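Everything numeric here is computed off the predicted structure, so don't read it as measured data.
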Amino acid sequence: MHIVARTLDGTAPCPDCECPSNRVHSCYQRRLADTPVGDQPVRIELTVRRLYCDNARCERRTFVEQVAGLTFRYGRRTPALRRTLEAVAVALAGRAGARLAVVLHSAVSRTTLLRLLMALPDPSWEVPKVLGVDDFATRRGQHYGTVLIDCETRKPLGLLPGRDAETLATWLREHPGIEAICRDRAGSYAEGARVGAPQAVQVADRFHLWQNLGTAVEQCVRQHTRCLQPPCSDPSDLPDIELPPAKEMSPIEARIRERHAIVHALLDQGHGIREIARELHIGGNTVRRSARAATPEELLGGRRQPRPSQLDPYKPYLDKRWAEGHTNAVHLHAEL
């Protein structure tokens with residue numbers, strides 16, 4: 001649908017000094033895209049005027065008139081279409097939003113949707129009573145940040161660079177009034193919550209409780225796999241019960257077992273850690289972990305014995321002094 005229109009004669013206010021003017025400098029056409037009507041795309045060809053500003057103290061000499069509800073400066077879409085695309089960008093963002101925009105007869109690129117999304121102001125929010133704190137990775141193993149969520153409304157409140165205690169404590173001091181902090185079990189978050197919001201009650205969130213419980217049970221079972229009795233050779237000796245089907249090996253577990261076997265085979269051939277890492281295209285620390293593990297179960301969650309430490313003979317004394325309230329590491333080191 002093609003619509004040709006022009007603005008009416010009359011005065012228009014200057015965008016800087018708001019002084020009305022009707023002196024015409026020139027006219028030109030603007031091409032605007034609007035929301036579809038009857039499943040047909042709409043294109044508006046609007047002739048607008050460029051006017052002189054009659055205020056001598058205004059720095060702007062000419063300006064283009066705007067039509068309320070239809071145009072805005074440097075816009076090639078109507079406000080109605082812009083709001084539609086902003087809603088698509090919020091829901092789907094890049095490529096998925098661009099595919100939906102084609103169905104809506106408003107073909108735009110994914111970068112256009114991302115620009116619209118980034119231009120939106122942050123939604124207003126109040127300081128929550130229950131704050132959720134967790135980390136996220138921009139690059140796993142190297143760069144991490146902290147996400148803050150209102151646990152009552154389940155809406156994100158902000159992203160913090162890093163996941164150290166001081167960053168979280170600074171944010172909490174700037175937003176007083178939090179009654180409870182639901183966090184994971186990281187020590188830095190515990191310290192940041194204690195310093196930034198000492199009045200808040202700290203609780204572990206349900207996800208990490210279940211995750212820690214599942215990990216502990218899995219590690220305990222894997223440590224005692226050798227304690228399982230060998231299968232009975234005589235089928236008549238088996239009890240008449242229905243056993244659950246055996247759990248299939250996951251792709252991750254299969255890959256870890258295969259990598260463990262390859263690393264130990266190459267080590268037996270005399271290859272070094274760096275050479276194996278280059279050959280398998282994996283990190284050196286990954287190769288070292290596989291080399292130190294005698295069995296794949298240790299890599300799959302089994303807990304190895306801790307390495308001996310120079311503090312082992314003094315740990316009972318240190319625990320006693322720590323319980324007495326002597327927590328200065330320099331003084332404890334001098335006593336030892």
Query raised in the report: Side chains of D150 and T153: donor-acceptor distance under 3.5 Å anywhere?
Result: yes
Query raised in the report: Is the number of heavy atoms from other residues, nucleotides or ligands within 6.0 Å of CD (E279) greater than 12?
Result: no
Query raised in the report: Should the pair R163 and Y144 be classed as cation-pi, given the thresholds of under 6.0 Å to the six-membered ring centre and 45° from the axis?
Result: yes
Query - A291 to I273 - nearest heavy-atom pair and separation - result: CB-CD1, 4.3 Å
Query - Steps toward side chain to side chain contact (heavy atoms under 4.5 Å, CB included) verdict (L85, V108) - result: CA-CA 9 Å; L85 294 178; V108 292; 4.0 Å; yes
Requested in this report: Kindly indicate, with the supporting measurements, whether the criterion salt bridge (Lys or Arg N to Asp or Glu O under 4.0 Å) is fulfilled by R257 and E297.
Outcome: CA-CA 8 Å; R257 291 182 180 275; E297 282 71 19; 3.1 Å; yes
**Report entry** Derivation and outcome, ring-ring contact (aromatic ring centres under 6.0 Å, His included), residues W322 and H326
**Finding:** CA-CA 5 Å; W322 193 277; H326 301 279; over 10 Å; no
Query raised in the report: Between the side chains of R194 and Q202, does any donor sit under 3.5 Å from an acceptor?
Result: no
Report task. Evaluate salt bridge (Lys or Arg N to Asp or Glu O under 4.0 Å) for E335 paired with R321, printing each intermediate quantity in order. Result -> CA-CA 10 Å; E335 292 179 10; R321 295 290 288 165; 2.8 Å; yes
Query raised in the report: OG1 of T295 to NE2 of H260: how many Å apart, nearest 0.5 Å?
Result: 6.5 Å
Report task. Could you tell me whether L8 atom CG has more than 12 heavy atoms of other residues or ligands within 6.0 Å of it? Result -> no
Query raised in the report: Does R31 have any side-chain contact (heavy atoms from CB on, under 4.5 Å) partners at least two apart in sequence or in another chain, and if so, which?
Result: Q29, E45
Query - Value rounded to 0.5 Å, distance of CG in L266 from CG in L280 - result: 6.0 Å
Requested in this report: Indicate yes or no: at least one non-hydrogen side-chain atom of T47 is less than 4.5 angstrom from one of T7.
Outcome: no
Query raised in the report: Would a 4.5 Å heavy-atom cut-off, applied to side chains only, mark H208 and D184 as touching?
Result: yes
Query raised in the report: side chain to side chain contact (heavy atoms under 4.5 Å, CB included) between V130 and I181: does it pass, once the steps are laid out?
Result: CA-CA 6 Å; V130 182; I181 298 177; over 6 Å; no
**Report entry** Minimum side-chain heavy-atom gap R6-V48 below 4.5 Å
**Finding:** no
Requested in this report: Spell out, as yes or no, whether a donor-acceptor pair under 3.5 Å connects the side chain of S106 to the backbone of V102.
Outcome: no
**Report entry** Sidechain-backbone polar pair: R49 side chain, G10 backbone, donor-acceptor under 3.5 Å
**Finding:** yes
Query raised in the report: Counting only N and O atoms by type, is there a donor-acceptor contact under 3.5 Å from the side chain of S21 to the main-chain atoms of Y52?
Result: yes
Query - Test item: side-chain donor near acceptor, E174 and T170, under 3.5 Å - result: no
Requested in this report: Evaluate the side-chain proximity of L104 to V88: yes if any heavy-atom separation is below 4.5 Å, no if none is.
Outcome: yes
Report task. Verify whether one side chain among T215 and N212 offers a donor that lies under 3.5 Å from an acceptor in the other. Result -> no
Query raised in the report: So, for R289 and L299, which heavy atoms are closest and what is the spacing to 0.1 Å?
Result: O-CD2, 3.5 Å
**Report entry** pair L172-L131: side-chain heavy atoms closer than 4.5 Å
**Finding:** yes
Query raised in the report: Of all heavy-atom pairs between S309 and D312, which one has the smallest distance, and what is that distance?
Result: N-OD2, 3.0 Å
Query raised in the report: Is the NE2 atom of H2 crowded by more than 12 outside heavy atoms at less than 6.0 Å?
Result: yes
Requested in this report: Determine, using the 4.5 Å side-chain heavy-atom cutoff (strictly less than), whether V4 and V67 are members of one ILVMFWY cluster.
Outcome: no
**Report entry** D205 and R183: CA distance, side-chain angles, deciding distance, salt bridge (Lys or Arg N to Asp or Glu O under 4.0 Å) verdict
**Finding:** CA-CA 6 Å; D205 59 69; R183 59 172 180 82; over 6 Å; no
Requested in this report: Measure the OG1-CZ distance between T35 and R77 for me, rounded to the nearest 0.5 Å.
Outcome: 13.0 Å
Requested in this report: Determine whether L157 and L160 fall in the same hydrophobic cluster, where Ile, Leu, Val, Met, Phe, Trp and Tyr are linked whenever their side-chain heavy atoms lie under 4.5 Å apart.
Outcome: yes
Report task. Ignoring hydrogens and angles, tell me if any N or O in the side chain of Q199 forms a donor-acceptor pair with the backbone of I178 under 3.5 Å. Result -> yes
Report task. Using atom types as modelled and distance alone, determine if a side-chain donor or acceptor of H175 lies under 3.5 Å from a backbone N or O of W171. Result -> yes
Query raised in the report: With distance as the sole test, does D268 use its side chain to make a donor-acceptor pair with the main-chain N or O of A265 at under 3.5 Å?
Result: no
Report task. Please check if I262 and I276 belong to a single hydrophobic cluster, counting links between Ile, Leu, Val, Met, Phe, Trp and Tyr side chain heavy atoms closer than 4.5 Å. Result -> yes
Query raised in the report: Would the number of heavy atoms belonging to other residues, nucleotides or ligands and lying under 6.0 Å from CD of E18 be above 12?
Result: no
Query raised in the report: Could you walk me through whether D164 and T167 pass the side-chain hydrogen bond (donor to acceptor under 3.5 Å, both in side chains) check?
Result: CA-CA 6 Å; D164 57 291; T167 302; 2.8 Å; yes
Query raised in the report: For the hydrophobic clusters of this structure (ILVMFWY residues joined by side-chain heavy atoms under 4.5 Å, transitively), does one cluster hold both V64 and V24?
Result: no
Query raised in the report: Cut-off 3.5 Å, side chains only: do T146 and D135 have a donor facing an acceptor?
Result: no
Query raised in the report: Just wondering, do I149 and K155 contact through their side chains at under 4.5 Å, heavy atoms?
Result: no
Query raised in the report: Do E191 and Y189 have side-chain heavy atoms sitting under 4.5 Å apart?
Result: no
Query raised in the report: If you round to the nearest 0.5 Å, how far is CZ of R43 from CD of Q40?
Result: 11.0 Å
Requested in this report: Considering non-hydrogen atoms only, spot the tightest contact between T78 and F72 and give its length.
Outcome: C-CE2, 4.4 Å
Requested in this report: Any chance you could measure N55, atom CG, to R60, atom CZ, to the nearest 0.5 Å?
Outcome: 12.5 Å
Requested in this report: Over all heavy atoms of both residues, which pair between G69 and P79 is shortest? Give the atoms and the distance, please.
Outcome: O-CD, 3.7 Å
**Report entry** Distance-minimising heavy-atom pair for L92 and G97
**Finding:** CB-N, 3.6 Å
**Report entry** Gap between atom CG of L168 and atom CZ of R173 - 0.5 Å precision
**Finding:** 9.5 Å
Requested in this report: Flag the pair R259 / T286 as yes when at least one side-chain heavy-atom distance between them is below 4.5 Å, and no otherwise.
Outcome: yes
Query raised in the report: For I44 and L70, what are the C-alpha separation, side-chain angles and deciding distance, and is it a side chain to side chain contact (heavy atoms under 4.5 Å, CB included)?
Result: CA-CA 10 Å; I44 302 176; L70 185 63; 3.9 Å; yes
Query - Residues L113, L117; criterion side chain to side chain contact (heavy atoms under 4.5 Å, CB included); working and verdict - result: CA-CA 6 Å; L113 290 177; L117 182 62; over 6 Å; no
Query raised in the report: Is the count of non-hydrogen atoms from other residues, nucleotides or ligands lying under 6.0 Å from Y317 atom OH greater than 12?
Result: yes
Requested in this report: Could you tell me whether Q269 atom CD has more than 12 heavy atoms of other residues or ligands within 6.0 Å of it?
Outcome: yes
Query raised in the report: With no hydrogens and no angle check, is any side-chain donor or acceptor of R61 less than 3.5 Å from a backbone partner on C58?
Result: yes
**Report entry** Verify same cluster id: V221, L213 (apolar side-chain graph, 4.5 Å)
**Finding:** yes
